[in-house]
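One structure is given below, encoded as C-alpha coordinates.
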Amino acid sequence: MTPSNIFPKPAAATMQRVDIALGQRSYPIFIGQGLLGAPEIWQHMPDGTQALIVTNTTVEPLYAALLASQLAGRYARVRTFALPDGEQYKTQDSLSLIFDALVQTGADRKSVIYALGGGVVGDMAGFAAACYMRGISFVQVPTTLLAQVDSSVGGKTAINHPQGKNLIGAFHQPRAVVCDLGVLRTLPARELSAGLAEVIKYGPIADMEFFDWLEANMEELRACDTAALTHAVQRSCQIKADVVARDEHEAGLRTILNFGHTFGHAIEAGMGYGRWLHGEAVAAGMCMGAHLSRAIGLVDDRFVRRLAALLERAGLPTRGPVLDGRDNAGRYLELMRLDKKAESGAIRFIVIERPGRAVLRTAPDALVRSVIDHCCETEPVLQPA
Ligand code: NAD
Ligand code: GLY
(Lines give C-alpha, C1' and ligand atoms only; values in the text may rest on other atoms or scores of the structure.)
(Ligands and ions follow the chains in the order given, each with its own letter.)
Protein backbone atom coordinates (compact mmCIF):
# COMPACT_ATOMS: atom_id res chain seq x y z
CA MET A 1 0.00 0.00 0.00
CA THR A 2 1.46 3.38 -0.97
CA PRO A 3 1.16 6.24 1.52
CA SER A 4 -1.45 7.92 -0.70
CA ASN A 5 -3.77 4.90 -0.36
CA ILE A 6 -3.78 5.35 3.41
CA PHE A 7 -5.50 8.70 3.07
CA PRO A 8 -9.26 9.01 2.78
CA LYS A 9 -11.18 10.18 -0.23
CA PRO A 10 -12.48 13.73 0.38
CA ALA A 11 -15.49 13.62 2.70
CA ALA A 12 -17.13 16.87 1.67
CA ALA A 13 -18.39 17.27 -1.89
CA THR A 14 -16.63 20.60 -2.24
CA MET A 15 -13.28 19.27 -1.11
CA GLN A 16 -10.69 18.58 -3.80
CA ARG A 17 -7.82 16.13 -3.60
CA VAL A 18 -4.71 16.10 -5.77
CA ASP A 19 -2.27 13.22 -5.47
CA ILE A 20 1.41 13.61 -6.09
CA ALA A 21 2.77 10.36 -7.45
CA LEU A 22 6.24 9.64 -6.13
CA GLY A 23 6.12 5.91 -5.38
CA GLN A 24 6.63 5.24 -1.67
CA ARG A 25 6.84 9.00 -1.08
CA SER A 26 3.47 9.77 -2.72
CA TYR A 27 1.16 12.04 -0.78
CA PRO A 28 -2.19 13.79 -1.02
CA ILE A 29 -2.96 17.49 -1.18
CA PHE A 30 -6.34 18.26 0.39
CA ILE A 31 -7.99 21.50 -0.76
CA GLY A 32 -11.17 22.95 0.71
CA GLN A 33 -12.94 25.42 2.91
CA GLY A 34 -12.72 24.81 6.69
CA LEU A 35 -10.30 21.85 6.61
CA LEU A 36 -8.50 22.99 9.76
CA GLY A 37 -11.68 22.25 11.67
CA ALA A 38 -12.51 18.98 9.85
CA PRO A 39 -11.59 15.98 12.07
CA GLU A 40 -11.79 13.51 9.16
CA ILE A 41 -8.70 15.12 7.64
CA TRP A 42 -6.55 15.04 10.74
CA GLN A 43 -7.30 11.49 11.83
CA HIS A 44 -5.44 10.30 8.74
CA MET A 45 -2.16 12.13 9.36
CA PRO A 46 1.06 10.11 9.81
CA ASP A 47 1.55 8.12 13.00
CA GLY A 48 4.14 9.42 15.43
CA THR A 49 5.23 9.78 19.01
CA GLN A 50 4.64 13.52 19.21
CA ALA A 51 3.91 16.54 17.03
CA LEU A 52 5.69 19.88 16.89
CA ILE A 53 3.74 22.65 15.17
CA VAL A 54 6.25 25.10 13.70
CA THR A 55 4.64 28.43 12.90
CA ASN A 56 5.36 32.14 13.29
CA THR A 57 4.23 34.88 15.66
CA THR A 58 1.57 36.15 13.21
CA VAL A 59 -0.06 32.83 12.36
CA GLU A 60 0.19 31.24 15.82
CA PRO A 61 -2.57 33.34 17.46
CA LEU A 62 -4.83 32.81 14.45
CA TYR A 63 -4.69 29.07 13.81
CA ALA A 64 -2.23 27.13 16.04
CA ALA A 65 -4.75 26.31 18.79
CA LEU A 66 -7.25 24.90 16.28
CA LEU A 67 -4.59 22.74 14.64
CA ALA A 68 -3.27 21.60 18.06
CA SER A 69 -6.78 20.59 19.13
CA GLN A 70 -7.17 18.46 15.97
CA LEU A 71 -3.82 16.74 16.55
CA ALA A 72 -4.31 16.18 20.29
CA GLY A 73 -6.11 12.87 19.73
CA ARG A 74 -3.39 11.51 17.44
CA TYR A 75 -0.17 12.19 19.33
CA ALA A 76 0.87 11.76 22.96
CA ARG A 77 2.12 15.34 22.98
CA VAL A 78 1.55 18.35 20.74
CA ARG A 79 3.75 21.41 21.16
CA THR A 80 3.84 24.69 19.26
CA PHE A 81 6.94 26.70 18.41
CA ALA A 82 6.68 30.18 16.84
CA LEU A 83 9.46 31.82 14.84
CA PRO A 84 9.75 35.55 14.21
CA ASP A 85 7.80 36.55 11.09
CA GLY A 86 9.49 37.56 7.86
CA GLU A 87 11.65 36.54 4.92
CA GLN A 88 14.60 38.20 6.68
CA TYR A 89 14.33 35.44 9.34
CA LYS A 90 14.67 32.60 6.82
CA THR A 91 18.16 32.05 8.18
CA GLN A 92 20.53 29.63 9.86
CA ASP A 93 19.66 31.25 13.21
CA SER A 94 15.96 30.47 12.81
CA LEU A 95 16.78 26.94 11.69
CA SER A 96 18.84 26.49 14.87
CA LEU A 97 15.88 27.68 16.93
CA ILE A 98 13.74 24.89 15.42
CA PHE A 99 16.45 22.32 16.20
CA ASP A 100 16.62 23.66 19.78
CA ALA A 101 12.84 23.29 20.11
CA LEU A 102 13.01 19.71 18.78
CA VAL A 103 15.77 18.78 21.23
CA GLN A 104 14.09 20.53 24.17
CA THR A 105 10.80 18.74 23.55
CA GLY A 106 12.60 15.39 23.38
CA ALA A 107 11.68 14.83 19.72
CA ASP A 108 12.69 11.41 18.40
CA ARG A 109 12.76 9.87 14.91
CA LYS A 110 9.02 9.21 15.04
CA SER A 111 8.12 12.82 15.86
CA VAL A 112 6.18 14.73 13.19
CA ILE A 113 6.63 18.40 12.31
CA TYR A 114 3.58 20.38 11.18
CA ALA A 115 4.54 23.49 9.20
CA LEU A 116 1.72 25.99 9.81
CA GLY A 117 2.24 29.21 7.87
CA GLY A 118 3.38 30.65 4.58
CA GLY A 119 6.29 29.60 2.42
CA VAL A 120 8.90 30.95 4.82
CA VAL A 121 7.70 28.72 7.67
CA GLY A 122 7.12 25.79 5.31
CA ASP A 123 10.59 25.98 3.75
CA MET A 124 12.34 26.25 7.12
CA ALA A 125 10.25 23.67 8.99
CA GLY A 126 10.67 21.31 6.04
CA PHE A 127 14.44 21.79 6.02
CA ALA A 128 14.54 21.15 9.78
CA ALA A 129 12.54 17.95 9.18
CA ALA A 130 14.99 16.94 6.43
CA CYS A 131 17.98 17.34 8.78
CA TYR A 132 16.81 16.40 12.27
CA MET A 133 18.02 12.88 13.08
CA ARG A 134 18.73 12.62 9.31
CA GLY A 135 15.10 13.07 8.43
CA ILE A 136 11.71 12.95 10.15
CA SER A 137 8.17 13.22 8.80
CA PHE A 138 6.48 16.53 8.22
CA VAL A 139 3.12 17.80 7.05
CA GLN A 140 2.52 21.09 5.27
CA VAL A 141 -0.40 23.24 6.46
CA PRO A 142 0.03 26.26 4.16
CA THR A 143 -1.80 29.44 5.19
CA THR A 144 -0.91 31.79 2.31
CA LEU A 145 -2.12 31.48 -1.26
CA LEU A 146 1.49 31.32 -2.42
CA ALA A 147 2.24 28.42 -0.12
CA GLN A 148 -0.97 26.58 -1.11
CA VAL A 149 -0.29 26.77 -4.85
CA ASP A 150 3.47 26.36 -4.82
CA SER A 151 5.84 26.16 -1.87
CA SER A 152 4.04 23.48 0.17
CA VAL A 153 4.03 21.08 -2.80
CA GLY A 154 7.06 19.30 -4.19
CA GLY A 155 9.48 18.95 -1.30
CA LYS A 156 11.86 21.85 -1.86
CA THR A 157 13.02 23.12 1.54
CA ALA A 158 15.62 25.79 2.25
CA ILE A 159 16.98 28.81 4.05
CA ASN A 160 18.48 31.90 2.43
CA HIS A 161 22.12 32.95 2.32
CA PRO A 162 22.72 36.72 2.49
CA GLN A 163 24.04 36.53 -1.10
CA GLY A 164 21.36 34.28 -2.57
CA LYS A 165 17.84 32.97 -2.11
CA ASN A 166 17.31 29.39 -0.93
CA LEU A 167 20.99 28.54 -1.44
CA ILE A 168 21.07 26.06 1.45
CA GLY A 169 18.43 23.36 1.47
CA ALA A 170 17.29 19.85 0.68
CA PHE A 171 14.60 17.92 -1.15
CA HIS A 172 12.34 16.40 1.49
CA GLN A 173 8.74 15.56 0.63
CA PRO A 174 5.96 16.19 3.14
CA ARG A 175 3.63 13.31 4.07
CA ALA A 176 0.54 15.39 3.29
CA VAL A 177 -0.50 18.95 2.42
CA VAL A 178 -3.68 20.47 3.87
CA CYS A 179 -4.88 23.66 2.14
CA ASP A 180 -7.73 25.28 4.08
CA LEU A 181 -9.02 28.07 1.83
CA GLY A 182 -10.81 29.70 4.76
CA VAL A 183 -7.52 30.89 6.28
CA LEU A 184 -6.91 33.07 3.22
CA ARG A 185 -9.57 35.48 4.50
CA THR A 186 -7.16 36.82 7.14
CA LEU A 187 -4.36 37.23 4.61
CA PRO A 188 -3.47 40.86 3.79
CA ALA A 189 -4.46 41.84 0.21
CA ARG A 190 -0.82 42.43 -0.73
CA GLU A 191 0.02 38.84 0.27
CA LEU A 192 -2.95 37.46 -1.68
CA SER A 193 -1.69 39.30 -4.76
CA ALA A 194 1.80 37.87 -4.22
CA GLY A 195 0.28 34.38 -4.28
CA LEU A 196 -1.54 35.17 -7.51
CA ALA A 197 1.84 35.68 -9.19
CA GLU A 198 2.64 31.98 -8.76
CA VAL A 199 -0.89 31.04 -9.90
CA ILE A 200 -0.53 33.14 -13.06
CA LYS A 201 2.89 31.55 -13.69
CA TYR A 202 1.26 28.18 -14.46
CA GLY A 203 -0.45 29.64 -17.56
CA PRO A 204 2.58 30.63 -19.68
CA ILE A 205 4.61 27.58 -18.62
CA ALA A 206 1.95 24.88 -18.92
CA ASP A 207 -1.68 25.74 -19.51
CA MET A 208 -2.98 28.73 -21.49
CA GLU A 209 -6.59 27.57 -20.99
CA PHE A 210 -6.00 28.13 -17.28
CA PHE A 211 -4.58 31.55 -18.17
CA ASP A 212 -7.81 32.35 -20.08
CA TRP A 213 -9.79 31.26 -17.01
CA LEU A 214 -7.66 33.51 -14.78
CA GLU A 215 -8.33 36.46 -17.08
CA ALA A 216 -12.07 35.80 -16.70
CA ASN A 217 -11.96 35.26 -12.91
CA MET A 218 -9.36 37.67 -11.51
CA GLU A 219 -11.90 39.83 -9.65
CA GLU A 220 -13.46 36.76 -7.97
CA LEU A 221 -10.02 35.55 -6.91
CA ARG A 222 -9.07 38.89 -5.39
CA ALA A 223 -12.39 38.85 -3.52
CA CYS A 224 -11.57 35.36 -2.12
CA ASP A 225 -14.58 33.74 -3.79
CA THR A 226 -14.47 30.12 -2.59
CA ALA A 227 -15.35 28.47 -5.91
CA ALA A 228 -12.76 30.52 -7.78
CA LEU A 229 -10.06 29.87 -5.17
CA THR A 230 -10.84 26.15 -5.15
CA HIS A 231 -10.32 25.91 -8.90
CA ALA A 232 -7.18 28.08 -8.88
CA VAL A 233 -5.52 26.14 -6.05
CA GLN A 234 -6.57 22.74 -7.44
CA ARG A 235 -5.35 23.47 -10.98
CA SER A 236 -2.09 24.99 -9.74
CA CYS A 237 -1.39 22.02 -7.47
CA GLN A 238 -2.28 19.56 -10.26
CA ILE A 239 0.16 21.21 -12.69
CA LYS A 240 2.89 21.30 -10.07
CA ALA A 241 2.21 17.70 -8.99
CA ASP A 242 2.48 16.50 -12.60
CA VAL A 243 5.81 18.29 -13.11
CA VAL A 244 7.29 17.12 -9.80
CA ALA A 245 6.18 13.53 -10.39
CA ARG A 246 8.18 13.55 -13.65
CA ASP A 247 11.26 15.36 -12.31
CA GLU A 248 11.38 15.39 -8.52
CA HIS A 249 14.98 16.61 -8.18
CA GLU A 250 14.97 19.19 -10.97
CA ALA A 251 17.17 17.37 -13.44
CA GLY A 252 15.38 19.20 -16.25
CA LEU A 253 11.62 19.68 -16.61
CA ARG A 254 11.06 21.02 -13.07
CA THR A 255 13.13 24.12 -13.86
CA ILE A 256 10.11 25.50 -15.77
CA LEU A 257 8.50 26.20 -12.38
CA ASN A 258 11.19 28.85 -11.97
CA PHE A 259 9.86 31.12 -14.74
CA GLY A 260 10.54 34.68 -13.54
CA HIS A 261 12.53 33.47 -10.54
CA THR A 262 16.06 34.14 -11.83
CA PHE A 263 15.29 37.86 -12.13
CA GLY A 264 12.98 37.66 -9.09
CA HIS A 265 15.56 36.16 -6.74
CA ALA A 266 17.99 38.92 -7.76
CA ILE A 267 15.34 41.48 -6.83
CA GLU A 268 14.70 39.89 -3.42
CA ALA A 269 18.38 39.59 -2.50
CA GLY A 270 19.36 42.91 -4.10
CA MET A 271 16.60 44.90 -2.36
CA GLY A 272 17.16 43.14 0.99
CA TYR A 273 14.95 40.20 1.95
CA GLY A 274 11.41 41.20 2.88
CA ARG A 275 11.27 44.54 1.03
CA TRP A 276 9.75 43.03 -2.10
CA LEU A 277 7.54 40.02 -1.44
CA HIS A 278 8.61 36.84 -3.23
CA GLY A 279 5.49 36.88 -5.43
CA GLU A 280 6.01 40.54 -6.32
CA ALA A 281 9.60 39.87 -7.35
CA VAL A 282 8.44 36.86 -9.41
CA ALA A 283 5.79 39.03 -11.12
CA ALA A 284 8.34 41.63 -12.24
CA GLY A 285 10.71 38.74 -13.06
CA MET A 286 8.10 37.07 -15.28
CA CYS A 287 7.70 40.31 -17.23
CA MET A 288 11.47 40.38 -17.74
CA GLY A 289 11.36 36.70 -18.72
CA ALA A 290 8.58 37.41 -21.23
CA HIS A 291 10.53 40.34 -22.72
CA LEU A 292 13.61 38.10 -22.96
CA SER A 293 11.51 35.44 -24.73
CA ARG A 294 10.29 38.10 -27.16
CA ALA A 295 13.83 39.42 -27.72
CA ILE A 296 14.97 35.88 -28.60
CA GLY A 297 12.10 35.70 -31.10
CA LEU A 298 9.95 33.09 -29.34
CA VAL A 299 6.78 35.03 -28.47
CA ASP A 300 5.15 38.19 -29.81
CA ASP A 301 4.39 41.56 -28.23
CA ARG A 302 0.75 40.63 -27.73
CA PHE A 303 1.70 37.78 -25.36
CA VAL A 304 4.04 40.05 -23.38
CA ARG A 305 1.29 42.69 -23.01
CA ARG A 306 -1.31 40.06 -22.05
CA LEU A 307 0.87 38.70 -19.26
CA ALA A 308 1.66 42.18 -17.92
CA ALA A 309 -2.03 43.16 -18.04
CA LEU A 310 -3.10 40.14 -15.98
CA LEU A 311 -0.33 40.70 -13.43
CA GLU A 312 -1.43 44.32 -13.09
CA ARG A 313 -5.04 43.24 -12.55
CA ALA A 314 -3.77 40.92 -9.82
CA GLY A 315 -2.25 43.97 -8.08
CA LEU A 316 1.32 43.08 -8.94
CA PRO A 317 4.33 45.06 -10.17
CA THR A 318 5.36 44.60 -13.78
CA ARG A 319 8.63 46.55 -13.64
CA GLY A 320 11.78 45.68 -11.69
CA PRO A 321 13.37 47.99 -9.13
CA VAL A 322 16.72 49.74 -9.46
CA LEU A 323 19.25 47.67 -7.52
CA ASP A 324 22.23 49.90 -8.31
CA GLY A 325 21.99 53.46 -9.60
CA ARG A 326 25.36 53.28 -11.37
CA ASP A 327 25.17 49.88 -13.10
CA ASN A 328 21.75 48.41 -12.49
CA ALA A 329 21.94 45.66 -15.13
CA GLY A 330 25.43 44.76 -13.89
CA ARG A 331 24.12 44.27 -10.36
CA TYR A 332 21.27 42.06 -11.61
CA LEU A 333 23.76 39.95 -13.56
CA GLU A 334 26.10 39.66 -10.57
CA LEU A 335 23.26 38.39 -8.35
CA MET A 336 21.88 36.09 -11.05
CA ARG A 337 25.22 34.31 -11.44
CA LEU A 338 24.48 32.79 -7.98
CA ASP A 339 21.19 31.35 -9.23
CA LYS A 340 21.01 27.57 -8.73
CA LYS A 341 20.39 27.03 -12.44
CA ALA A 342 23.65 28.80 -13.38
CA GLU A 343 26.44 26.52 -14.59
CA SER A 344 30.11 27.60 -14.52
CA GLY A 345 28.96 31.23 -14.21
CA ALA A 346 26.59 31.04 -17.22
CA ILE A 347 23.12 32.16 -16.19
CA ARG A 348 20.27 30.05 -17.52
CA PHE A 349 16.77 31.50 -17.86
CA ILE A 350 13.36 29.96 -18.20
CA VAL A 351 11.91 31.44 -21.37
CA ILE A 352 8.51 30.95 -22.97
CA GLU A 353 9.04 28.93 -26.14
CA ARG A 354 5.39 29.47 -27.04
CA PRO A 355 2.51 30.41 -24.70
CA GLY A 356 1.90 27.32 -22.57
CA ARG A 357 5.39 25.87 -22.97
CA ALA A 358 8.64 26.90 -21.23
CA VAL A 359 12.28 25.90 -21.74
CA LEU A 360 15.67 26.57 -20.13
CA ARG A 361 18.03 28.75 -22.23
CA THR A 362 21.22 30.77 -21.88
CA ALA A 363 21.23 34.28 -23.32
CA PRO A 364 24.07 36.70 -24.15
CA ASP A 365 24.77 39.20 -21.34
CA ALA A 366 24.24 42.10 -23.75
CA LEU A 367 20.71 40.92 -24.54
CA VAL A 368 19.90 40.39 -20.86
CA ARG A 369 21.25 43.86 -20.09
CA SER A 370 18.96 45.39 -22.68
CA VAL A 371 15.95 43.54 -21.24
CA ILE A 372 16.78 44.74 -17.71
CA ASP A 373 17.23 48.32 -18.91
CA HIS A 374 13.88 48.15 -20.70
CA CYS A 375 11.98 46.49 -17.82
CA CYS A 376 13.24 48.38 -14.74
CA GLU A 377 12.16 51.58 -13.06
CA THR A 378 14.48 54.50 -13.62
CA GLU A 379 14.27 55.79 -10.01
CA PRO A 380 15.03 53.70 -6.88
CA VAL A 381 11.84 52.48 -5.10
CA LEU A 382 11.73 50.51 -1.83
CA GLN A 383 8.43 48.74 -2.46
CA PRO A 384 6.43 48.13 -5.60
CA ALA A 385 3.73 50.76 -6.22
P1 NAD B 1 5.45 34.28 4.05
O2 NAD B 1 5.66 32.91 4.51
O3 NAD B 1 6.40 35.34 4.51
O4 NAD B 1 3.97 34.73 4.45
C5 NAD B 1 3.52 36.01 4.11
C6 NAD B 1 2.97 36.80 5.31
O7 NAD B 1 1.64 36.38 5.58
C8 NAD B 1 3.74 36.61 6.60
O9 NAD B 1 3.79 37.83 7.28
C10 NAD B 1 2.88 35.61 7.36
O11 NAD B 1 3.05 35.68 8.74
C12 NAD B 1 1.52 36.03 6.96
N13 NAD B 1 0.48 35.02 7.01
C14 NAD B 1 0.58 33.73 6.64
N15 NAD B 1 -0.63 33.15 6.66
C16 NAD B 1 -1.50 34.08 7.06
C17 NAD B 1 -2.90 34.09 7.25
N18 NAD B 1 -3.66 33.03 6.95
N19 NAD B 1 -3.49 35.22 7.71
C20 NAD B 1 -2.73 36.33 7.95
N21 NAD B 1 -1.42 36.39 7.75
C22 NAD B 1 -0.81 35.28 7.31
O23 NAD B 1 5.43 34.37 2.46
P24 NAD B 1 4.88 33.39 1.33
O25 NAD B 1 4.57 34.28 0.20
O26 NAD B 1 3.85 32.47 1.84
O27 NAD B 1 6.14 32.49 0.98
C28 NAD B 1 7.29 33.05 0.40
C29 NAD B 1 8.45 32.08 0.61
O30 NAD B 1 8.16 30.85 -0.05
C31 NAD B 1 9.76 32.59 0.05
O32 NAD B 1 10.76 32.40 1.02
C33 NAD B 1 10.01 31.70 -1.15
O34 NAD B 1 11.37 31.52 -1.41
C35 NAD B 1 9.34 30.43 -0.72
N36 NAD B 1 8.94 29.57 -1.85
C37 NAD B 1 9.30 28.27 -1.81
C38 NAD B 1 8.91 27.42 -2.80
C39 NAD B 1 9.23 25.95 -2.72
O40 NAD B 1 9.02 25.23 -3.70
N41 NAD B 1 9.70 25.48 -1.58
C42 NAD B 1 8.15 27.89 -3.88
C43 NAD B 1 7.78 29.24 -3.90
C44 NAD B 1 8.18 30.07 -2.86
N1 GLY C 1 8.90 26.66 -6.94
C2 GLY C 1 9.72 25.92 -7.81
C3 GLY C 1 9.75 24.45 -7.56
O4 GLY C 1 9.13 23.96 -6.64
O5 GLY C 1 10.41 23.73 -8.23
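Ligands are counted one by one from 1 in listed order, and the atoms in each one are counted from 1 as well.
Taking a heavy-atom cut-off of under 4.0 Å, ligand 1 is surrounded by Asn56, Thr58, Val59, Leu62, Tyr63, Asp85, Glu87, Lys90, Gly118, Gly119, Val120, Asp123, Thr143, Thr144, Leu146, Asp150, Ser151, Lys156, Lys165, Asn166, Val183, Thr186, Leu187, Pro188, Glu191, Glu198, Lys240, His278. Within 4.0 Å of ligand 2, heavy atoms belong to protein residues Asp150, Lys156, Lys240, Glu250, Arg254, Leu257, Asn258.
Scored by the side-chain contact (heavy atoms from CB on, under 4.5 Å) test, Asp85 finds Asn56, Thr57, Thr58 as partners (sequence neighbours excluded). The ring pair (Phe, Tyr, Trp, His ring centres under 6.0 Å) check on His161 picks up nothing, with sequence neighbours excluded.
Residues Val18 and Phe30 form no side-chain contact, since every pair of their non-hydrogen atoms from C-beta on lies 4.5 Å or further apart. Using a 4.5 Å heavy-atom threshold, the side chains of Gln140 and Tyr114 count as separate.
Ring-centre distance between His172 and Phe127: not below the 6.0 Å cut-off. With ring centers used as reference points, Phe349 lies under 6.0 Å from Phe263.
Defined by atom type and a distance below 3.5 Å, a donor-acceptor pair is present between the side-chain atoms of Asp108 and Ser111.
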(request) For Glu87 and His278, run side chain to side chain donor-acceptor pair (under 3.5 Å): C-alpha distance rounded to whole Å, both residues' side-chain angles, the deciding distance at 0.1 Å, then the answer. (result) CA-CA 9 Å; Glu87 182 76 37; His278 176 73; 5.9 Å; no

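The two residues Ala342 and Arg337 make their nearest non-hydrogen contact at CB-O, 3.6 Å.
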